[in-house]
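Just so you know, these numbers come straight off a predicted model, no measurement behind them. In listed order, ligands and their atoms are each counted from 1.
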Amino acid sequence: MQVKSFEEYHQAYQQSVEQPEQFWENIANNFQWRKKWDKVLEWNFKEPKVEWFKGAKLNITENCLDRHLENNADTPAIIWEPNDPTEDHRVLTYRQLHDKVCQFANVLKNNGAKKGDRICIYMPMVPELAIAVLACARIGAVHSVVFGGFSAQSIADRIKDAECNIIVTADGSYRGTKEVPLKSVIDDALVQCPSIKRVIVLTRSHTPVSMIKGRDVWWEDEIKKVETQGNPECEPEEMDAEDMLFILYTSGSTGKPKGVVHTCGGYMVYTGYTFSNAFQYQPGEIYFCTADIGWITGHSYIAYGPLSQGATVVMFEGIPTWPNAGRFWDIVEKFKVNILYTAPTAIRSLMSFGDDVIKGKDLSSLRKLGSVGEPINEEAWHWFDEKIGHGKCPIVDTWWQTETGGFMISPIANVTPTKPGYATLPLPGVQPVLVDENGKEIEGNGVSGNLCIKFPWPGMLRTTYGDHERCRQTYFAAYENLYFTGDGCLRDEEGYYRITGRVDDVLNVSGHRIGTAEVENAINMHSSVVESAVVGYPHDIKGQGVYAFVVSPEKHGDEELTRKDIIMTVSRIIGPIAKPDKIQFVSGLPKTRSGKIMRRILRKIAEGDTSNLGDTSTLLDPAVVDEIKAGAM
Ligand code: WTA
């Protein structure tokens, strides 16, 4: 599946455009199917309807686990590094991971789970998280993983939307010096979720938790039951290629987060292919992805992609800055990591600690570096290249999204010449186009526009759970017959792509997607807030910070306390990841006569660029702009 030269890349790319079905059929033949497809692709972007490998039968875990047992049973699948470096790390070989997945799959079955059920997973970054995910896939249940930084309210919203009947969680999780009481958060969420019949709780932090008879059970007890039943195997459920594999919620420019739906066949082929090709993964290489499984990067490039390729994955529970900012480099040294895949926000944060924390660390095992989540600024790119890669590791800057399932525009390691700040060229099978405001394709090089994709790829989302119309509206209605990414993009003279950031009301804070509308709704729930407007502003480490303009004429207590109350409210409603960095109290928001908030003006003020605010004459009350300008933080 790997192209070995730039020439081969161009050939593969051309074939993928001219004969896409043949191209993907060849790739798909590298996987294990119970039955092959009747048709490679059927699609239209109008409804939208996209079906890959229709009629094929498979189970993705057979590809991620069973098929490696014959020759690679003893190859480490997961090397797990705990939060606390003095605690022992764990290694699970493919044989061991297989057995544990089967065991837990049987636990799920014992607890009433069946094919098609939705199962919510809210867990720390421990191997059992990967095991739970794969166990769902094993029995054909649909997992909905919720990142550990979301609040009870956010979890409840997601559980209700997907009508989950089981939750898998843990007593608590560790993040640096902090302990997050996961089960207690779940208990708060469950007050609103009658659909949940069973909560399976893993012991991790030994935090005291409430356990409700008939509903809550311990992971370890359930495993013991399975052991005494003496059924170690769990036959993989036979799935149709287009059966649902998982739901993952993500933020958009309007309303509540949407449940992005991925299906079994296409997602497996796409994540496996892109992982193998972009990183040029070689057997035996140690691959470390610093993401959390709660995000798409963890789904596609800790769990499914690498495991389907028989790779060895390092999974890390902690944070990059604890016990000190050398933690990543210690892990690289400890496990002789060959491929390191991380995010610009982590790179910038580690950069800020200076070079002392890298001194003396042996990074010589590194061969390839990767970046994901947001545009990587040139300074961070060069630091990563020089200080970490010692100038000899290609930087694979992968542009993609929850919705795309896998890498879309990305260099291929040691094949595509890289360029700082550029995701470079589309991978074979990906047909990007830039369009102007009216949806007209902008051809040629040295141009920029809104990034769209004009042909389906196997890893793309199929729908948004429970609301297909929303999927159409969000991604396929802006421009006819195109998938709209929400990103702005530049194509330089050489045809290289550089993602310039979101063009919609979605913020990218430390690589996390946050909808401004969501944050506004949360702020507005605070009892003394009348209304608010949230925009992003450039932040040295986070990429973007959250700037809230808040109308709150009658504050409770002093201004500073009200600020803290508002932050607390956002934490409760969404989670700590969405907390505003700055809150400016204003007497009113700049609105047009029709009542529309002029975000353009607020964005400029938040960016500290007030020299030219453009035309403000259409505002209902132009004076409010001067007041906001004067009070800017
Ligand atoms: C941004 C994360 C520039 C982009 C995999 C996209 C990037 C959003 C890059 C998706 C990159 C991701 N360069 N921008 N290499 N990778 N983005 O769904 O704005 O959490 O639309 O998926 O992150 O975020 P999501």
Side-chain angles (χ1 to χ4, degrees), residues 145-147 149-150 246-253 257-262 267 270-271 274-275 278 289-305 341-348 369-378 380-381 384 395-411 416 418-427 430 432 448 450-453 459-461 464 474-475 478 483-490 496-516 536 542-544 577-578:
V145 183
V146 179
F147 174 65
F150 281 111
F246 68 84
I247 305 170
L248 185 58
Y249 285 84
T250 191
S251 294
S253 49
K258 319 172 261 290
V260 168
V261 170
H262 285 289
Y267 178 82
Y270 199 69
T271 52
T274 49
F275 172 77
C289 171
T290 68
D292 191 292
I293 291 188
W295 305 110
I296 191 69
T297 305
H299 281 62
S300 300
Y301 299 108
I302 292 180
Y304 293 112
Y341 187 36
T342 190
T345 186
I347 297 170
R348 286 192 301 266
L369 301 174
S371 171
V372 61
E374 51 175 318
I376 178 164
N377 49 308
E378 288 188 28
W381 196 98
F384 202 31
I395 296 181
V396 182
D397 177 2
T398 60
W399 172 80
W400 59 295
Q401 311 177 294
T402 304
E403 295 86 345
T404 70
F407 308 155
M408 298 292 281
I409 301 180
S410 167
T416 314
T418 58
K419 196 174 195 173
Y422 283 76
T424 73
L425 297 171
L427 290 175
V430 176
S448 49
N450 290 342
L451 178 59
C452 294
I453 314 289
M460 71 185 294
L461 85 164
T464 48
T474 312
Y475 306 106
Y483 164 82
F484 176 45
T485 65
D487 280 317
C489 181
L490 171 158
Y496 266 41
Y497 290 83
R498 175 182 195 136
I499 311 301
T500 49
R502 302 287 304 199
V503 293
D504 52 8
D505 290 317
V506 172
L507 306 182
N508 194 325
V509 180
S510 300
H512 301 158
R513 258 168 86 167
I514 296 174
T516 53
K542 297 179 173 186
Q544 268 188 313
I577 56 168

Novice: At what distance is the nearest protein heavy atom to atom 13 (N) of ligand 1, and which residue and atom is it?
Specialist: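 For this ligand atom, the closest protein heavy atom is Glu374 O, 3.3 Å.
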Novice: Considering non-hydrogen atoms of the protein only, which is the closest contact for atom 10 (C) of ligand 1, and what is the distance?
Specialist: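 Ranking protein heavy atoms by distance from atom 10 (C) of ligand 1, first comes Trp400 O, 3.6 Å.
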Novice: Under 3.5 Å between some N or O of ligand 1 and some N or O of Gln401?
Specialist: yes
Novice: Between ligand 1 and Gly373, can you find any atom pair, the residue atom being a heavy atom, that is separated by under 4.0 Å?
Specialist: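 Gly373 counts as a contact of ligand 1 under the 4.0 Å cut-off.
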Novice: Return the closest protein heavy atom for atom 3 (C) of ligand 1 as residue, atom name and distance.
Specialist: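 Going atom by atom, the protein heavy atom closest to atom 3 (C) of ligand 1 ends up being Pro375 N, 3.1 Å.
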Novice: Identify the closest protein heavy atom to atom 24 (O) of ligand 1: which residue and atom is it, and at what distance?
Specialist: Arg513 CD, 3.2 Å
Novice: For the pair Phe246 and Tyr304, name the ring-plane relationship: parallel under 30°, tilted 30 to 60°, perpendicular over 60°.
Specialist: parallel
Novice: By number and element, which atoms of ligand 1 are closer than 4.0 Å to a non-hydrogen atom of Val372?
Specialist: 5 (C)
Novice: Check whether any N or O atom of Glu403, backbone or side chain, sits under 3.5 Å from an N or O atom of ligand 1, and answer yes or no.
Specialist: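 In this structure, Glu403 places no N or O atom under 3.5 Å from an N or O of ligand 1.
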Novice: Between His299 (side chain) and Trp295 (backbone), is there a donor-acceptor pair under 3.5 Å?
Specialist: yes
Novice: Less than 3.5 Å between some nitrogen or oxygen of Arg502 and one of ligand 1, yes or no?
Specialist: yes
Novice: Report yes or no: does Arg498 contribute a side-chain atom to a donor-acceptor pair with the main-chain N or O of Leu490 at less than 3.5 Å?
Specialist: no
Novice: With heavy-atom distances below 4.5 Å as the criterion, would you say the side chains of Phe384 and Pro344 are in contact?
Specialist: no
Novice: Mark yes or no for whether Thr402, through its side chain, and Ile296, through its backbone, hold a donor-acceptor pair below 3.5 Å.
Specialist: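 Not confirmed, Thr402 side chain does not pair with Ile296 backbone.
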Novice: When rounded to the nearest 0.5 angstrom, what is the spacing between OG1 in Thr297 and CZ in Phe407?
Specialist: 8.0 Å
Novice: Would you kindly specify which portion of Thr398 sits under 4.0 Å from ligand 1, judged on non-hydrogen atoms: side chain, backbone, both or neither?
Specialist: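 Backbone only; the side chain of Thr398 stays clear of ligand 1.
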Novice: Considering the options Arg502, Lys542, Arg348, which one meets the salt bridge (Lys or Arg N to Asp or Glu O under 4.0 Å) requirement together with Glu374?
Specialist: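 One option only clears the test, and that one is Arg348.
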Novice: Do Tyr301 and Thr274 have side-chain N/O donor and acceptor atoms under 3.5 Å apart?
Specialist: yes
Novice: Tell me, which protein residue and heavy-atom name are nearest atom 6 (C) of ligand 1, and how many Å apart are they?
Specialist: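 In this structure, atom 6 (C) of ligand 1 has Asp487 OD2, 3.1 Å as its nearest protein heavy atom.
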Novice: Considering the heavy atoms of Asn508, write down every atom of ligand 1 situated less than 4.0 Å from one of them.
Specialist: 1 (C), 23 (O)
